[in-house]
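Working notes, structure below.
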Amino acid sequence: MRLLLRLLLLLALASNFIACVPRTVLRLDADEDANVKWNYGRQIVQLQKDSMDAEVYFDTYNKDHLIFDVELTNWAKESVLVAPENIYIKCEGAEHGRYASDPEWVLLKQEIDASRREANAKNVAIAVGVVAAAAVVATAVSDNDNNNGNNNNDDNNRNNFNSNNNNIWVSTYVAPPLPAPMLPPSVDFWANYALRKTTLEEKHKVGGKVVLNRMDTCPVFDLYLPYGAGEPFKVRFKQRVIQP
C-alpha cells in the first residue's frame, strides 16, 4: 500500500513538470497588391515578365520546411533553364536569403545512404552466417572426437555409432533477410513531386513543389524565382505564426 501511494505521489509530481506544448500553426497570405486568383481556398499568385509566366501558391509546411507550388511557362523562342536550387526567400530588410533544397542533391544523398545501409546489412548477414557455420563445424568436430574415442573400444560400438547417426545434423538458424530498397514517401516526393531542374523550351511549362527552410521570426518575406538570365520573379508573403 505504501509503495502504491509513493508511485501515485511521484506521478502527481511529474505531471507538474511535464506538459505537451501545441505545435505552432502557420498561415501565409499573399501581398495585397499581388495578382491573385483563388482556387479551393488557396491564393494563387499570377506573374508575367519577359515572355515568362509564373503561378505560385503556398502549399503546406512541416516541422522544418515551407513548401510552395511553382509553375513556370516559357513563351520565348529561346530555351530557359529552371533550377529550383536557385529559388530563395529573403526576410524583409535582410541582406541574405535562404535557398531552396536541391532535389538532385537530396536524391543523391538518399541513394548513397541507402547503399551504405544495404552494405552494412549484408556485412551483418555474412558475419552471422560465418558464426553459424563455425558453430556447426565446432559441433561436428566435437561429436566426431567423442565418437572416435568410443569407436576405439570395439567393433560393436563402431557399428552402433554408424547405425544411430544416419541423419546429418544441420543448423536451423536462418540469417535475416536483406532490407528492401528504401522507398519512403520522401524519396517519392523528391523524385516525382518536387520541381526538378529543367531546360524549358518554347511554349512549354514545368511545375512542382519547392522546399525552403522555415523562417518563423520573419513576419514578411519575399520569394524569388530566378529563371535563365532574366530578372527573377518576386512574390511577397505575410506570415502569421499562431501558437495555440
Side-chain angles (χ1 to χ4, degrees), residues 26 28 30 42 44-91 94-123 178-216 218 221-237 239:
L26 298 184
L28 266 64
R42 301 184 185 275
I44 301 177
V45 181
Q46 298 178 306
L47 305 158
Q48 187 175 21
K49 183 189 295 186
D50 301 333
S51 302
M52 286 287 295
D53 290 350
E55 290 190 350
V56 182
Y57 69 83
F58 173 64
D59 189 359
T60 187
Y61 64 95
N62 59 22
K63 180 181 177 182
D64 300 310
H65 301 109
L66 301 172
I67 301 174
F68 294 86
D69 191 278
V70 175
E71 182 180 278
L72 295 165
T73 305
N74 180 25
W75 299 104
K77 294 182 178 180
E78 299 81 11
S79 61
V80 172
L81 178 64
V82 176
E85 67 270 20
N86 293 332
I87 297 173
Y88 62 98
I89 55 176
K90 187 192 300 186
C91 188
E95 184 177 354
H96 302 288
R98 295 185 181 181
Y99 283 85
S101 300
D102 181 0
E104 314 312 318
W105 182 87
V106 173
L107 288 169
L108 175 61
K109 184 176 183 301
Q110 290 180 338
E111 190 172 347
I112 291 172
D113 292 342
S115 177
R116 288 172 177 167
R117 282 193 291 270
E118 182 182 1
N120 291 337
K122 287 181 179 179
N123 291 333
L178 297 178
M182 188 182 71
L183 293 173
S186 60
V187 174
D188 186 53
F189 171 85
W190 290 111
N192 300 312
Y193 296 96
L195 179 65
R196 306 284 296 273
K197 183 178 289 186
T198 303
T199 299
L200 202 57
E201 304 293 343
E202 179 186 8
K203 296 181 181 179
H204 282 70
K205 68 170 60 177
V206 65
K209 308 299 182 182
V210 176
V211 181
L212 299 114
N213 289 333
R214 283 175 57 162
M215 302 175 65
D216 289 7
C218 186
F221 63 81
D222 296 316
L223 173 66
Y224 290 85
L225 307 174
Y227 60 92
E231 187 72 17
F233 288 112
K234 184 174 77 170
V235 187
R236 173 156 290 193
F237 286 95
Q239 180 174 231

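Residue numbers run from 1 in the order of the sequence given. All of these numbers come straight from a predicted model, not from anything done at the bench.
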To the nearest 0.5 angstrom, please state how far the [atom1] atom of [X] sits from the [atom2] atom of [Y].
X	Y	atom1	atom2	answer
Gln48	Glu55	CD	CD	11.0 Å
Ile67	Phe58	CD1	CZ	8.0 Å
Leu195	Leu225	CG	CG	9.5 Å
Ile89	Tyr99	CD1	OH	12.0 Å
Leu28	Tyr57	CG	OH	14.0 Å
Arg98	Arg214	CZ	CZ	11.0 Å

Do [X] and [Y] come close enough that some side-chain heavy atom pair is under 4.5 Å?
X	Y	answer
Leu223	Leu212	yes
Asp216	Leu26	yes
Val235	Phe68	no
Lys234	Tyr224	yes
Met52	Trp75	no
Leu66	Phe221	yes
Glu71	Asp53	no
Val106	Val211	no

Next item on the list: With sequence neighbours left out, write down each residue that passes ring-ring contact (aromatic ring centres under 6.0 Å, His included) with Tyr227, or none if nothing qualifies.
Entry: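 ring-ring contact (aromatic ring centres under 6.0 Å, His included) check on Tyr227 returns Phe233.
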Next item on the list: Using a strict 4.0 Å threshold on nitrogen-to-oxygen distance, state whether Asp102 and Lys197 make a salt bridge.
Entry: no
Next item on the list: Could you tell me whether Asp113 and Arg117 make a salt bridge, using a distance below 4.0 angstrom between a side-chain N and a carboxylate O?
Entry: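 Looking at Arg117 together with Asp113, the answer is no, because their closest N to O distance does not fall below 4.0 Å.
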Next item on the list: Work out which heavy atom in Ala100 is nearest to a heavy atom in Pro84; give both atom names and the distance.
Entry: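 Nearest heavy atoms, Ala100 then Pro84: CB-O, 3.4 Å.
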Notebook entry, point to check: If you take all heavy atoms of Ser101 and Trp190, which pair is closest and at what distance?
Noted result: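 Taking every non-hydrogen atom into account, CB-CH2, 3.5 Å.
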For [Y], does its backbone N or O pair with a side-chain atom of [X] as donor and acceptor, under 3.5 Å?
X	Y	answer
Asn74	Leu200	yes
Arg196	Glu104	no
Gln239	Met215	yes

Check: Would you say Lys205 has more than 12 foreign heavy atoms packed within less than 6.0 Å of its NZ?
Finding: no
Notebook entry, point to check: Is atom NZ of Lys109 surrounded by more than 12 heavy atoms (other residues, nucleotides or ligands) closer than 6.0 Å?
Noted result: no
